[in-house]
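First up is the structure itself, then whatever we jot down about it.
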Amino acid sequence: MFNERDIIQKTTDHVRGLLSGEGSGHDWFHIERVRNVALAIAREERADLFVVELAALLHDVADWKFAGGDHEAGPRAASEWLISMGVPQATIEHVTAIIAGLSFKGAGVQTPMTTIEGQCVQDADRLDAIGAIGIARAFAYGGHKGRALYDPAVPPESHASFEAYKKNTGPTINHFYEKLLLLKDRMNTETGKRLASERHVVLEEFLEEFFAEWVGKR
Ligand code: ADP
Ligand code: NI
């Protein structure tokens with residue numbers, strides 16, 4: 001029988017099993033934070049909590065960055081799981097559309113979310129990329145990919161296409177200018193905007209301190 005609580009519990013266990021111990025900042029705790037923040041935003045926005053929770057839980061199970069660049073892998077893995085759980089087709093389509101549209105794709109590329117449920121999940125995922133946790137995740141990802149922390153000779157780029165954004169191998173500090181500092185102006189919901197403006201300040205303060213220490217001023 002179709003039981004939302006049961007499906008959420010089984011999906012939680014499934015994702016926890018897949019992502020526990022992942023080392024690039026896309027681990028289970030990222031999913032748990034995104035799920036919790038997405039649900040908090042969704043309650044404010046009166047969005048469908050079942051769709052929001054499923055999309056948050058399943059949004060990183062097969063990210064293109066770790067699936068050999070295959071953009072269909074994430075939505076497909078989510079869809080297969082939800083079919084196996086007996087979730088109605090319309091819900092599956094909504095959840096997979098959210099997952100397909102979630103990612104940041106470069107400074108010059110718009111990534112609109114058409115449903116309020118998608119907007120809640122996208123805001124929550126982006127909030128986890130900024131603030132203190134976002135800083136930690138950026139350097140975890142950079143280390144995972146063997147990137148430099150910072151190189152004054154390599155300026156940040158403004159990527160006009162997803163292709164250019166994906167090819168980027170610059171230092172992690174550049175990622176702040178190429179993505180993280182841009183996120184506060186790309187939030188969808190009022191709650192997301194408020195939370196992002198607080199976390200944005202943490203990024204700015206971190207960068208100020210980083211550059212002061214870099215030149216030995218502190
Ligand atoms: P999105 O959820 O928009 O797809 P990603 O999965 O690309 O976000 O990013 C997940 C985490 O990895 C974020 O905290 C992000 O800042 C970080 N990250 C992604 N690309 C880079 C990079 N080139 N350098 C440092 N951190 C990165
Ligand atoms: Ni994510």
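As the structure lists them, so they are numbered: ligands from 1, and atoms in each ligand from 1. Every heavy atom of this structure was used, including side-chain atoms; hydrogens, water molecules and symmetry mates were not.
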> Angle subtended at the Ni ion (ligand 2) by NE2 of His30 and NE2 of His59, to 10 degrees?
Replying inline: 100°
> Out of Met113, His59, Met187, which residue meets the side-chain contact (heavy atoms from CB on, under 4.5 Å) rule with Gln122?
Replying inline: Met113
>> Between ligand 1 and Tyr165, is the shortest N or O to N or O distance under 3.5 Å?
In response: no
> Purely on distance, is any nitrogen or oxygen of His26 under 3.5 Å from one on ligand 1?
Replying inline: yes
>> Asn36: which residues meet the side-chain contact (heavy atoms from CB on, under 4.5 Å) condition with it, sequence neighbours left out?
In response: Glu32
> Would you call the rings of His144 and Tyr141 parallel, tilted or perpendicular if under 30° counts as parallel and over 60° as perpendicular?
Replying inline: tilted
>> Below the 3.5 angstrom mark, is there an N/O of Asp125, backbone or side chain, next to an N/O of ligand 1?
In response: yes
> Has ligand 1 got any nitrogen or oxygen that is less than 3.5 angstrom from a nitrogen or oxygen of Arg147?
Replying inline: yes
> Based purely on interatomic distance, does Asp128 place a nitrogen or oxygen under 3.5 Å from a nitrogen or oxygen of ligand 1?
Replying inline: no
> Under 3.5 Å between some N or O of ligand 1 and some N or O of Phe104?
Replying inline: yes
> N/O of Thr172 under 3.5 Å from N/O of ligand 1, yes or no?
Replying inline: no
> Hey, looking at atom 14 (O) of ligand 1, which of Arg126, His59, Arg137 has the closest heavy atom?
Replying inline: Arg137
> Which pairs, with at least one residue in residues 206-218 and sequence neighbours excluded, count as a salt bridge (Lys or Arg N to Asp or Glu O under 4.0 Å)?
Replying inline: Glu209-Arg218
